[in-house]
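These notes are about the structure you will find just below.
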Protein chains: 2
Amino acid sequence: MDDASDSTIKTARRRPVTLRDVAEAAGVSVATASKALNDQGRMTAETRTRVQAIARELGFRPNSLAQSLLRQRSFTIGLLTNDTYGRFSLPVMAGVSEALLEKGVSVFLCNVEDDPRLGQMHVDAMLEKRVDGIIASGKRLDRHLPVDLSNLGIPVIYAFTEPDPNSIAFVSDDEGGARLAVEHFIALGCRHIVHVTGPETFAVVHRRAEAYRAVLADHGRTPPRVMMGPWSENWGHQAIAELFDDAEGETPDAVFCGNDQIARGVVDALRERGLRVPEDVGVIGFDNWEIVAAATRPPLTTIDMNLTALGREAGLTLLSLVDGKAVEPGIRKLPCRLVVRQSCGRPPGD
Amino acid sequence: MDDASDSTIKTARRRPVTLRDVAEAAGVSVATASKALNDQGRMTAETRTRVQAIARELGFRPNSLAQSLLRQRSFTIGLLTNDTYGRFSLPVMAGVSEALLEKGVSVFLCNVEDDPRLGQMHVDAMLEKRVDGIIASGKRLDRHLPVDLSNLGIPVIYAFTEPDPNSIAFVSDDEGGARLAVEHFIALGCRHIVHVTGPETFAVVHRRAEAYRAVLADHGRTPPRVMMGPWSENWGHQAIAELFDDAEGETPDAVFCGNDQIARGVVDALRERGLRVPEDVGVIGFDNWEIVAAATRPPLTTIDMNLTALGREAGLTLLSLVDGKAVEPGIRKLPCRLVVRQSCGRPPGD
DNA sequence: GTTCTTAGAGAAAAGCTTTTCTCAAATTCG
DNA sequence: CGAATTTGAGAAAAGCTTTTCTCTAAGAAC
């Protein structure tokens, strides 16, 4: 270890300016200084402005730790997720952060993968740091995070993950999203709509399929056809092969896909067969994953789950709980939104 | 507002157990209790174990805010990024988090987009929360975050973003990565290697292109050909069209791409032309973005920038600085890694 | 001129933990 | 047995801010 070599960096850690420093510089007590800066208490206008000016000059920043200790409130929350790639939790995080930033609340992001030990460590860390509340998020609506969040003594909100019974949760309205897609096809005059979706082990797969069937039934369309498989592009290719290779009856003129990756596979497979999208077959995806949806040729019309809005709601609701307001428990479904691009024709009158 | 309706949730915020509670329950002073729990000071073994047992029983957790206030250390750091989709910053975050979790340090994740106002707000929030240090990350090696991090009075480390002069930074070794790819092609016996990459406005584009040229020159290969365009699949398609449509001389038997999306476009375009990958043309991508690399048919051989390792190093180095250790300033390039999948044949002797 | 009110500002406590100092009792040593 | 240690444990201060209470001096009212 070379002693005091010139070139090394050893961050000159400035002692932060404290209220006491301000008070001394202004020639008043810390009590007065505090009141001056918080527009509290009684004092001459002159004293108040003088203290404020000096505080600004010195670059005073109240020590949040001391405030938190006193107020029993850290202005900090934890966001727990198991979504490593951030596909779902990053938009949620964006919404949460957006809702909380201006209220002065910061967010600890903790990825627990699917590891209970990791989950416990993160939860312990959060409790030690005295977070005001926790938002639990994830990558699946029907799977629990690998942690027990009941009885933590602080508010918990579930956002896009399987909630505890009797808790407060925000989830996407998958039925509504599916309805949006199928109704869009119907409005466009499509006659034969199939649904290529994910594995049957996913609850949303069934919920969306039910909605799809219901809308078809409502409009007296051809019998529904639901094809389940992996959430992959490859499955999209395969499904198209199945649909068109040994087509005994009518071939579909519309495919509603369970996610954008499947949709992309479907679009590519259709193009490879010389079928035009959207002229011959319309395709709608699910998730509005820009990266996939925009790169597909043509770009995908798809369902957006409004995860950022969901995160925002979750953040605001958590804040209400932290403020001691009572909130009705239950699962709130937030509406999805149809994002129209080019994989599906425009309605006749458009 | 309905008063005390049964069904609403109003989190019963338990008053957390304090050291004082433990001390009272054990019939000792808080000083003794503290020392018992921290294995400090002198006391009967019996007293110590009794206090510890009671603490465990009561579920005592030292209040991190009080500790931080005293130690002048919050055990908290901020991770600043402008990478909304998390493509680059999530792996970095994973590494940082991994390095710091067991040291009891939590991470505030702050996305500042490219908005200086947002950046300032987040930095202010961090300083108020008294973070021990900041890691600045991003989505481009040659762009600054929209915030000024000099003179904050706390250590700052740059990880995968343009650093301030005279600071400490960790970046990927793009030249090395490019060399890895081209040398792999050469080892496979490829004769005509072209480079399809991103826009010339990116510094890494030039760095990788230079390395590509240097390796070719070293091996006395055909003159290099570098094609720059957007970072999109579509550009991959176009580039292949340009290369094969009006091919006057030899057509390439290997394409080294600037990212995985371009590589995917290239692979798809080659397949559409009836060329086999990897038999007729080998393709190597860059980034190892699983989502794209694994979905490509065949799956992409690509360069991984080891961003998680980079994040880990950044986290550990930040911790050193926080601990007051001196660190040599400068930019540290961390090696990339070749991930072999199937878009590029195996070496002859393999 | 005396008493009451109000204004202005400071002292002190609280929030929780850690650490240093102090002190009384017990033990060891000569 | 008296003196010197050692041991066990508590008191208090520090870290920083906010808030309540207290106090003095000035002004108002009679």
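Bear in mind the structure is a predicted one, so any value in this text is a computation, not a measurement. Reckoned from all heavy atoms, side chains included, excluding hydrogens, waters and symmetry mates. First the proteins, then the strands, lettered A, B, ... as listed; each starts at 1.
- Between A:Asp164 and A:His144, the side chains place a donor N or O and an acceptor N or O closer than 3.5 Å (distance only, hydrogens not considered).
- Interface limits on DNA chain C: the 5'-most and 3'-most nucleotides within less than 4.0 Å of chain B heavy atoms are C:dC16 to C:dT20.
- Applying the 6.0 Å contact sphere to CZ of A:Arg61 captures more than 12 heavy atoms from other residues, nucleotides or ligands.
- Nearest-nucleotide mapping onto DNA chain C: of B:Lys35 and A:Ala33, the residue sitting toward the 5' end is A:Ala33.
- A:Arg48 contributes no side-chain N or O that, together with a main-chain N or O of A:Arg42, makes up a donor-acceptor pair within less than 3.5 Å.
- Using a 4.0 Å heavy-atom cutoff across all strands shown, A:Ser34 reaches at least one base atom of the nucleic acid.
- Heavy-atom distances to DNA chain D give each of B:Ala45 and A:Phe60 a nearest nucleotide, and the one nearer the 5′ end belongs to B:Ala45.
- Every residue two or more places apart in sequence or in another chain that forms a side-chain contact (heavy atoms from CB on, under 4.5 Å) with B:Arg50 is listed here: B:Ala26, B:Val28, B:Glu46, B:Thr47, B:Ile54.
- Counting any heavy atom pair closer than 4.0 Å across all strands shown, A:Thr44 reaches sugar-phosphate atoms only and no base atom.
- Within 4.0 Å (heavy atoms only), A:Thr47 reaches sugar-phosphate atoms of the nucleic acid but no base atom.
- Taking the ring centroids of A:Phe108 and B:Phe108, they lie under the 6.0 Å cut-off.
- A:Ser137 places a side-chain N or O within donor-acceptor distance of the main-chain N or O of A:Ala159, the cut-off being under 3.5 Å.
- Paired with B:Glu113 under the rule side-chain contact (heavy atoms from CB on, under 4.5 Å), one option of B:Asn82, B:Thr84, B:Asp83 passes, and it is B:Thr84.
- Distance check, rounded to the nearest 0.5 Å: CG of A:Asp114 to CG of A:Asn111 gives 9.0 Å.
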remark   = Per-nt protein contacts along nucleotides 22-27 of chain D (heavy atom under 4.0 Å; B base, S backbone sugar-phosphate only, - none) come out as ------
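- Of the side-chain N and O atoms in B:Thr32, none sit less than 4.0 angstrom from OP1 or OP2 of D:dG8.
- Place A:Gln40 and A:Leu69 on DNA chain D by their nearest nucleotides, and A:Leu69 ends up nearer the 5' end.
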